[in-house]
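If you're wondering where the values come from, they're calculated on a predicted model, not measured in any experiment. Position 1 is the first residue of the sequence; numbering continues from there.
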Amino acid sequence: PGGRDGDPDNDGWTNYQEYLNGTDPMVGDTPSSPGNLETTNIMAAAAYSSWSEPSGAPTSYTIGYGTDQAALNLGEIDNGAATSHPWSGLSGGETYYWKVNATDSNGAGNESLTWEFTINSLPVVTLSTPANDYNTSSTTITFSCNASDNDITNVSVWGNWSNVWHLVQSNTSGASGDYTFIVEILT
């Protein structure tokens, strides 16, 4: 039915493609395992995962995920026909494991291998001076802080005077440690 370009089993492969692959054009082909899994844009509580569409005309994807590689203990996500998923609300410093199951309209399918990613922890920055609610008549204030994180790329200090927040100074040295910023307050 449908000639060379027909698709009687609605699996996305024409009769000619089915012939070349040695598959039955009247029976839908079970999706193969999704491949090229990757996770990018990993931040303090979010990430973005994607995969390539497998052969066999998948109609939906289910993502199993968790912090336990063996159990994928946090549940499953019905991802519809999308080949990517944005993660949010994740815990910093935690490693997450995930895999994708591609299924066809009959519920037949295959799973990918299990992949992992680790969410970045928020940096710890402690302001040493001035103390909270510091009040002075001086026009020069020294801000001292300590940043403890190996992945810091920028430390910025903000001050509030005259009921307006001001960017005091930024340092992009890219290292953890002690930072001192001195600012002349113009009134």
Side-chain angles (χ1 to χ4, degrees), residues 1-125 147-156 172-176:
R4 174 186 164 133
D5 295 325
D7 183 14
D9 59 4
N10 294 316
D11 66 356
W13 289 20
T14 67
N15 285 330
Y16 184 66
Q17 289 171 316
E18 299 264 11
Y19 168 76
L20 291 175
N21 287 303
T23 56
D24 186 343
M26 299 304 287
V27 177
D29 300 311
T30 301
S32 61
S33 299
N36 300 318
L37 279 73
E38 69 175 343
T39 301
T40 58
N41 300 329
I42 300 172
M43 295 179 266
Y48 181 83
S49 294
S50 62
W51 55 93
S52 61
E53 182 175 320
S55 62
T59 57
S60 66
Y61 299 96
T62 303
I63 304 169
Y65 72 104
T67 54
D68 180 339
Q69 183 175 10
L72 297 180
N73 58 321
L74 296 180
E76 291 186 341
I77 299 168
D78 179 356
N79 209 53
T83 57
S84 63
H85 181 73
W87 301 96
S88 62
L90 304 175
S91 299
E94 189 74 62
T95 298
Y96 290 87
Y97 301 91
W98 63 287
K99 65 181 174 181
V100 179
N101 186 20
T103 55
D104 62 17
S105 59
N106 297 317
N110 281 296
E111 289 183 338
S112 69
L113 297 174
T114 300
W115 289 80
E116 69 181 74
F117 61 92
T118 301
I119 292 297
N120 297 333
S121 295
L122 292 174
V124 177
V125 179
S148 59
D149 187 311
N150 291 332
D151 296 325
I152 284 182
T153 58
N154 181 44
V155 174
S156 297
T172 58
S173 67
S176 59

Look up atom [atom1] in [X] and atom [atom2] in [Y], then write down how far apart they are to the nearest 0.5 Å.
{"X": "Ile77", "Y": "His85", "atom1": "CD1", "atom2": "NE2", "result": "3.5 Å"}
{"X": "Asn79", "Y": "Asn101", "atom1": "CG", "atom2": "CG", "result": "12.0 Å"}
{"X": "Thr103", "Y": "Asp78", "atom1": "OG1", "atom2": "CG", "result": "8.5 Å"}
{"X": "Thr114", "Y": "Leu37", "atom1": "OG1", "atom2": "CG", "result": "9.0 Å"}
{"X": "Lys99", "Y": "Ile63", "atom1": "NZ", "atom2": "CD1", "result": "12.5 Å"}
{"X": "Ser33", "Y": "Leu113", "atom1": "OG", "atom2": "CG", "result": "7.0 Å"}

Query - Asp68 side-chain N/O to Asn73 backbone N/O, donor-acceptor pair under 3.5 Å - result: no
So which heavy atom on [X] is nearest to which on [Y], and how close?
{"X": "Glu116", "Y": "Thr95", "result": "OE2-CG2, 3.9 Å"}
{"X": "Ser52", "Y": "Asn36", "result": "OG-ND2, 3.2 Å"}
{"X": "Pro34", "Y": "Trp51", "result": "CB-CD1, 3.8 Å"}
{"X": "Gly92", "Y": "Ile119", "result": "CA-CG2, 3.6 Å"}
{"X": "Pro31", "Y": "Pro58", "result": "CG-CA, 3.7 Å"}

Query - From Tyr96, Trp115, Trp87, Tyr97, residue fulfilling ring-ring contact (aromatic ring centres under 6.0 Å, His included) relative to Tyr65 - result: Trp87
Requested in this report: Please check if any side-chain donor atom of Tyr61 sits under 3.5 Å from a side-chain acceptor atom of Thr83, or the reverse.
Outcome: no
**Report entry** Residues forming a side-chain contact (heavy atoms from CB on, under 4.5 Å) with Thr39, sequence neighbours excluded
**Finding:** Ile42, Ala47, Ser49, Trp98, Phe117
Query - side-chain contact (heavy atoms from CB on, under 4.5 Å) partners for Ala108, two or more places apart - result: Thr30, Asp104
Report task. Name all residues meeting the salt bridge (charged side-chain N to carboxylate O under 4.0 Å, His left out) criterion together with Glu38; count only those two or more places apart in sequence or in a different chain, and write none if there are none. Result -> none
